[in-house]
Structure formats: C-alpha cells, structure tokens
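Worksheet: one structure, shown below.
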Number of protein chains: 2
Amino acid sequence: MQERLEQIKKQLQSQQLKLTPQREATLQILLENQEKHLSAEDIFMLVKQRNPDIGLATVYRTLELLHDLRIIEKLSFGDGVSRYEFRSDDHPHHHHHLICLKCGEVSEIEDLLDDLEMRVEREHKFKIVDHRVNLLGYCESCQQEMKLKNM
Amino acid sequence: MQERLEQIKKQLQSQQLKLTPQREATLQILLENQEKHLSAEDIFMLVKQRNPDIGLATVYRTLELLHDLRIIEKLSFGDGVSRYEFRSDDHPHHHHHLICLKCGEVSEIEDLLDDLEMRVEREHKFKIVDHRVNLLGYCESCQQEMKLKNM
DNA sequence: ATCTGTGCAAAAGATTTGCAGTTAT
DNA sequence: ATAACTGCAAATCTTTTGCACAGAT
C-alpha cells in the first residue's frame, strides 16, 4: 500500500509534479476504497474529514491529473456522475460490472470478453484497446425480496 | 414508419396521454435517425428546424416520457451527455457499440453476449435484464491514418 | 524568479422544475 | 371543469476555470 504511494510519488516527480498533502490524502482514500466506485463528491467528503481545508476543485484537479497519468480510471455508469477507481496493472482492461436495478449495488466480475474481442477485431477491423461492460439486473438478495413480496 | 407512429399514439392514448405536435416532431426525428445516437440538444436543434416554437424543456420531458414508456433507450457513453435512440423489439437487449477513440464515431454490432450472460447468471446468481457493452478502440480508417503518420 | 499547486468564487454545460397560460377532452 | 401539456425562466447539479496567493526549487 505505502509502496504504491512511493511509486506514484516518483512517477509524479519524474515530471516535475509534486505529491502534495492534498494529493496524498486523495490517493490514500482511493487506495483504501479500491473495490468501491467513488464519485468526486464522495472522495471530496472523505478527504475533507481528514483534511478539512481542501477544496472540491482541488479534488477534481487531482483526479484529472491521476487520470491523465493513467493511475486511476474514470468510469461512467450513466447516473450523471463520474466515478473513479485505482487502475490495476493486472487488468489492463476494465473488469465488468453487475449493476442491480433495485438496490443500486455495483459489483465486479472477472473479464470474460477476450475470445469475443478477438472475433470482433477480426470481423469489424476494429482495434480494441478497452471495454466497458455493464450488466443490468437484480442481485441475489433483491431477487429474494421481490419473490417474497410477489413483485 | 408511419404505422409505428400510429402504434405509439395508441399507446399514449391508452394512458390518457396525447401525441402533441411537439411529441410527434420529436418522434419523427428519432424515427429518421434510428441508427444515430442523438443527444437531447441534437434532437432539439433538429426539431426546432421544423417547429421553431418548441422549447428545450419540452424535448427533455418528451424524451423522459418516451423512456418511461420504454419506447426509446437512454444511453450514456461517458461524455457528459445522454443519448437517445429508438428501442426496437428485435433486440430486447442493447446492441453493442464500437467507439473510436480518435474520430469519436460510434457504430453498432450485433449482440454477442448470450452465452456469457447465462454463465454469469449461474455463477453469480444475478438476474440479467439488460446490458451495456462499449468497446473502445480505433476504427479502420483511423488505424490507417495513424499508420501513415507513424503515430 | 519561476513554476507548480491551492482555495475560493464564478462560470459553464446538461438537465430539471415552478409556474402561469394553453389546449384537448 | 378537468387534466394534460407547453414555453419560459429560474434553479439545480456536476464539473471546469480564472485569479490572486502560497510553497517549493
């Protein structure tokens, strides 16, 4: 965890950029919530708890910077806000998301598309570099709840 | 084409809703641009050419209504605007989108996920009702252009 | 000195809402 | 009469930008 921070610090310094307290706090929140998909506002509120003097614009600028450096991903689930998460080199591609239409929970599943992508690249002559796959439906607990209530 | 309009008119009337000139004009634009993915602003400008007195809010309200009635789909490609398109009963699920990162063109390909979805439903006990699949990369002509310019 | 980074307030862009007036039933 | 519908302007929400100041090199 901390070694990841050190690594990022070096990446920043190699381009005359600084790992300021605000940026470090933002990264810390992102590191502690790797499995979540936080919005800029979420991140802002969490960072503010530890560093009350930070401004929302700074969070946005930090997220933009980290995105440009390919350190984080910027996701859109179509609900009007962008969400951010750490980019792990294990998955050069996005994992897929299961989005529950009832409770709104977003969970991740493994990448299933490799075979299909090869087929698409061949058949459509389209060079794929990334994908966004969101499956919409009902999670297990909401399915049970709906069954009980006869919905 | 016109029979689709009649059909929608009946669907509206069955719920005491009206097919007003504004709604008809909006539907007409949507019908004429089935393969495109128009934003609300795009639709507004196209409708305004024929019906200059329409307001943007009316277009938004019409699109929301048509979406609630499942007549159109609301799509998000993560660029900050919602896009709308006719919902065809042939594809209860969305088709997939190929999004070119260079020229921005969005094209559609057939649905490839049926087998995978069955697997996901089984392994994750998640009932899938829809999906959004966007493949990001480079279209054929941008690939060629990049090859020429050695990018 | 210069460049990077910051907070704040204002601006921007997309979408929604309140409201008073209009239209269809 | 009643309920649906409209345009307009104002409000809202997320994100970006301008600017004057602060900190590091």
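Here is the naming used below: chain letters follow the sequence lines, and residue numbers restart at 1 for every chain. Source: prediction; values computed, not measured. Note that these values count all heavy atoms, side chains included, but never hydrogens, waters or copies made by symmetry.
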B:T62 and B:T26 side chains, donor-acceptor separation under 3.5 Å: no
d(CZ, A:R83; P, D:dT14) in whole Å: 10 Å
B:Y60 side chain near C:dT15 phosphate (N/O to OP1/OP2, under 4.0 Å): yes
Atom pair distance, as rounded to whole Å: CG in A:D42 and P in D:dC13: 15 Å
Atom-pair distance (NZ on A:K74; P on D:dT14), nearest Å: 14 Å
Separation of atom NE2 in A:H67 from atom P in D:dT16, rounded to whole Å: 11 Å
Nearest-angstrom distance from the residue atom CG of B:L63 to P of C:dA14: 15 Å
Closest approach of A:Y138 to A:Q143 (non-hydrogen atoms, all atoms of both residues): O-NE2, 2.8 Å
Nucleic acid contacts of residues 46-57 of chain B, taken as heavy-atom distances under 4.0 Å to DNA chain C: B:L56, B:A57
Touch class at under 4.0 angstrom, heavy-atom based, for B:S39 against every strand present: nothing
Atom-pair distance (CG on A:D68; P on C:dG5), nearest Å: 12 Å
Derivation and outcome, side-chain contact (heavy atoms from CB on, under 4.5 Å), residues A:L113 and A:V120: CA-CA 10 Å; A:L113 284 193; A:V120 171; over 6 Å; no
Spacing of B:R61 atom CZ relative to D:dA9 atom C1', expressed in whole Å: 12 Å
With B:Y84, the side chain to side chain contact (heavy atoms under 4.5 Å, CB included) member among B:L63, B:L66, B:L75, B:N33: B:L63
Nucleic acid contacts - residues 12-26 of chain B versus DNA chain C, non-hydrogen atoms under 4.0 Å: none
Non-hydrogen atoms of B:E85 and B:K36 that approach each other most closely: CB-O, 4.1 Å
Closest contact, heavy atoms only, B:R4 versus B:R87: NH1-O, 3.9 Å
Value in whole Å for how far the C1' atom of C:dT15 lies from CG of A:D79: 14 Å
